[in-house]
A.B. asks: 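Here you go, one structure.
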Number of protein chains: 2
Amino acid sequence: MSASTKLSNAVKALCFLASVHPEPKTSTEISGFIGVNASKTRKILSMLVKNNIVESTYGPAGGFVIKKKPDEIHLQEIYCAIEDRKAFHMDVTKNRGEQSNYLNIFFIDLFAEIQIEIEDKMRQISIQSILNKINS
Amino acid sequence: MSASTKLSNAVKALCFLASVHPEPKTSTEISGFIGVNASKTRKILSMLVKNNIVESTYGPAGGFVIKKKPDEIHLQEIYCAIEDRKAFHMDVTKNRGEQSNYLNIFFIDLFAEIQIEIEDKMRQISIQSILNKINS
DNA sequence: ATTATTTGTTACACTTACCGTAACAAATAA
DNA sequence: TTATTTGTTACGGTAAGTGTAACAAATAAT
């Protein structure tokens with residue numbers, strides 16, 4: 001799954017969990033909402049659990065509950081939780097034996113700048129702000 | 001080749017051609033500089049030719065010559081020439097049968113905004129400015 | 001304790017995309 | 001006519017992504 005797809009799926013799950021809080025929802029229920037299968041949904045949510053954004057309980061009547069307040073969860077935080085590598089990864093240095101390495105450095109710097117801008121933008125968007133936008 | 005790799009390779013080729021202007025360089029020579037094989041180099045350059053950024057001549061003593069002035073070539077223009085789809089593509093709507101399509105719209109809008117920011121940034125960078133930065 | 005249920009993780013087949021390279025027609029200068 | 005170069009297509013090999021299944025670990029209910 002691409003980073004952006006993973007991010008949008010995580011946000012969908014969180015919006016869903018926020019709307020039913022504090023009722024626990026199983027991966028099967030959530031997967032029906034966001035449109036990916038339960039196994040992959042668990043994979044995404046398990047990462048949100050590790051980052052204390054969601055709580056999970058095993059066994060019957062178990063499932064996932066959103067842990068933080070919707071206005072305290074930002075996209076950048078979600079993206080960091082689900083993605084180890086850069087979200088919108090940009091490759092430069094794949095070429096071998098080239099004579100233009102100084103240009104690689106230029107692009108690495110440029111793409112890093114873009115990356116920072118994207119993260120700044122994501123930091124400004126909370127789950128609550130998304131819910132507000134949807135309900136307006 | 002990823003969009004960002006293609007872009008950086010195109011820029012490398014243009015920097016090389018700018019530095020030897022008006023001498024024509026073959027795809028073999030350029031490929032040695034940017035570090036990809038001649039066939040792929042021709043593929044990239046042929047798109048720059050179609051967009052009037054580079055001129056090509058067939059036959060012996062032929063090759064590629066940069067056509068526009070380095071300070072009149074911007075990254076955004078190059079990226080448009082070599083890439084049909086969005087450069088830093090972000091996927092949202094791959095899921096089937098979901099109940100959260102209104103959230104897809106949110107992400108499409110968000111990613112479009114990011115895309116515009118990236119393009120604005122690229123519009124501010126010319127081949128000449130890259131050459132200046134490298135030579136300083 | 002036993003059972004049923006749910007999470008968390010691994011595995012796997014299938015498909016898709018990517019990469020490097022080769023090959024060849026079209027064009028053109030010598 | 002020949003040699004050279006571009007522009008384009010094709011192809012095998014490799015890597016990545018997708019969807020699904022399977023199962024151990026955990027836990028509530030009985």
Side-chain angles (χ1 to χ4, degrees), chain A residues 1-10 13 17 23-32 34-51 53-67 81-86 89-98, chain B residues 1-6 8-10 13 17 23-32 34-51 53-67 81-85 89-98:
Chain A
M1 193 163 2
S2 73
S4 53
T5 306
K6 225 189 267 185
L7 177 64
S8 62
N9 284 332
L17 290 178
E23 190 185 343
K25 289 290 180 184
T26 68
S27 60
T28 305
E29 292 170 310
I30 299 169
S31 74
I34 67 177
V36 301
N37 70 44
S39 184
K40 194 156 280 185
T41 298
R42 285 201 295 277
K43 228 174 289 181
I44 295 169
L45 286 180
S46 70
M47 292 186 278
L48 298 180
V49 170
K50 282 176 188 163
N51 285 269
I53 300 169
V54 166
E55 245 175 355
S56 67
T57 51
Y58 280 48
F64 298 92
V65 176
I66 196 166
K67 198 174 178 183
I82 61 179
E83 197 65 24
D84 44 346
R85 62 175 187 179
K86 298 251 163 74
H89 189 64
M90 289 167 267
D91 308 311
V92 180
T93 51
K94 278 189 174 171
N95 305 341
R96 296 171 304 209
E98 53 191 293
Chain B
M1 196 166 356
S2 74
S4 53
T5 306
K6 225 190 266 184
S8 63
N9 283 332
L17 290 178
E23 190 185 343
K25 288 291 180 183
T26 68
S27 59
T28 304
E29 291 170 310
I30 298 169
S31 73
I34 66 177
V36 301
N37 70 45
S39 186
K40 194 156 279 184
T41 299
R42 286 199 295 276
K43 227 176 288 181
I44 295 169
L45 286 180
S46 71
M47 292 186 278
L48 298 179
V49 169
K50 282 176 187 162
N51 285 271
I53 300 169
V54 166
E55 245 174 354
S56 67
T57 51
Y58 281 48
F64 298 93
V65 177
I66 197 166
K67 197 175 177 182
I82 61 179
E83 196 66 22
D84 44 346
R85 63 176 185 178
H89 190 62
M90 289 167 266
D91 307 312
V92 180
T93 53
K94 277 190 176 171
N95 306 341
R96 295 168 308 207
E98 53 191 293

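Chain identifiers are assigned alphabetically (A, B, ...) following the order of the sequence lines, protein sequences preceding nucleic acid strands; residue numbering begins at 1 within each chain.
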A.B. asks: Reading nucleotides 6-13 of chain C from the 5' end, what letters show protein touch, with B for base, S for backbone sugar-phosphate only, - for no heavy atom under 4.0 Å?
C.D. replies: BBBBBB--
A.B. asks: Tell me the interatomic distance from A:Lys6, atom NZ, to D:dA16, atom C1', rounded to whole angstroms.
C.D. replies: 12 Å
A.B. asks: Where the side chain of A:Asn51 meets the backbone of A:Ile53, is there a donor-acceptor pair that is under 3.5 Å apart?
C.D. replies: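 Side chain of A:Asn51 to backbone of A:Ile53, a donor-acceptor pair under 3.5 Å: no, none is there.
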A.B. asks: Applying the side chain to side chain contact (heavy atoms under 4.5 Å, CB included) criterion to A:Leu17, which one of A:Val54, A:Val65, A:Leu48 satisfies it?
C.D. replies: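 Among the candidates, only A:Val54 passes.
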A.B. asks: On a heavy-atom basis, which atom in B:Thr41 and which in B:Ser31 lie closest, and how many Å separate them?
C.D. replies: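 Minimum heavy-atom contact is OG1-CB, 3.3 Å.
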A.B. asks: Shortest non-hydrogen contact from B:Leu45 to B:Ile30?
C.D. replies: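 Distance-wise, the nearest heavy atoms are CD1-CD1, 3.4 Å.
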A.B. asks: So, is B:Asn37 close to the C:dG20 phosphate, meaning a side-chain N or O under 4.0 Å from OP1 or OP2?
C.D. replies: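 B:Asn37 to C:dG20 OP1/OP2: no side-chain N or O under 4.0 Å.
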A.B. asks: Report yes if some heavy atom in the side chain of B:Val49 is under 4.5 Å from a heavy atom in the side chain of B:Phe64; otherwise report no.
C.D. replies: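 Yes. Closest side-chain heavy atoms under 4.5 Å.
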A.B. asks: For A:Lys43, what residues pass the side-chain hydrogen bond (donor to acceptor under 3.5 Å, both in side chains) criterion, not counting sequence neighbours?
C.D. replies: none
A.B. asks: Quickly work out the A:Glu29 CD to C:dT5 P distance and round it to whole Å.
C.D. replies: 14 Å
A.B. asks: Using atom CD1 of A:Ile44 as one end and atom P of D:dT20 as the other, report the distance to the nearest whole Å.
C.D. replies: 14 Å
A.B. asks: Take the protein atom CD of B:Glu55 and the nucleotide atom P of C:dA27, then report the distance between them rounded to whole Å.
C.D. replies: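 Distance check: B:Glu55 CD to C:dA27 P gives 18 Å.
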A.B. asks: Kindly give the heavy-atom pair with the smallest separation between A:Ala81 and A:Met47, and that separation in Å.
C.D. replies: O-CB, 3.6 Å
A.B. asks: Name the stems with DNA chain C in them: runs of three or more consecutive Watson-Crick or G-U pairs, distances under 3.5 Å?
C.D. replies: C:1-30 with D:1-30
A.B. asks: If we only count heavy atoms from C-beta on, is the A:Lys40 to A:Asn37 side-chain gap below 4.5 Å?
C.D. replies: yes
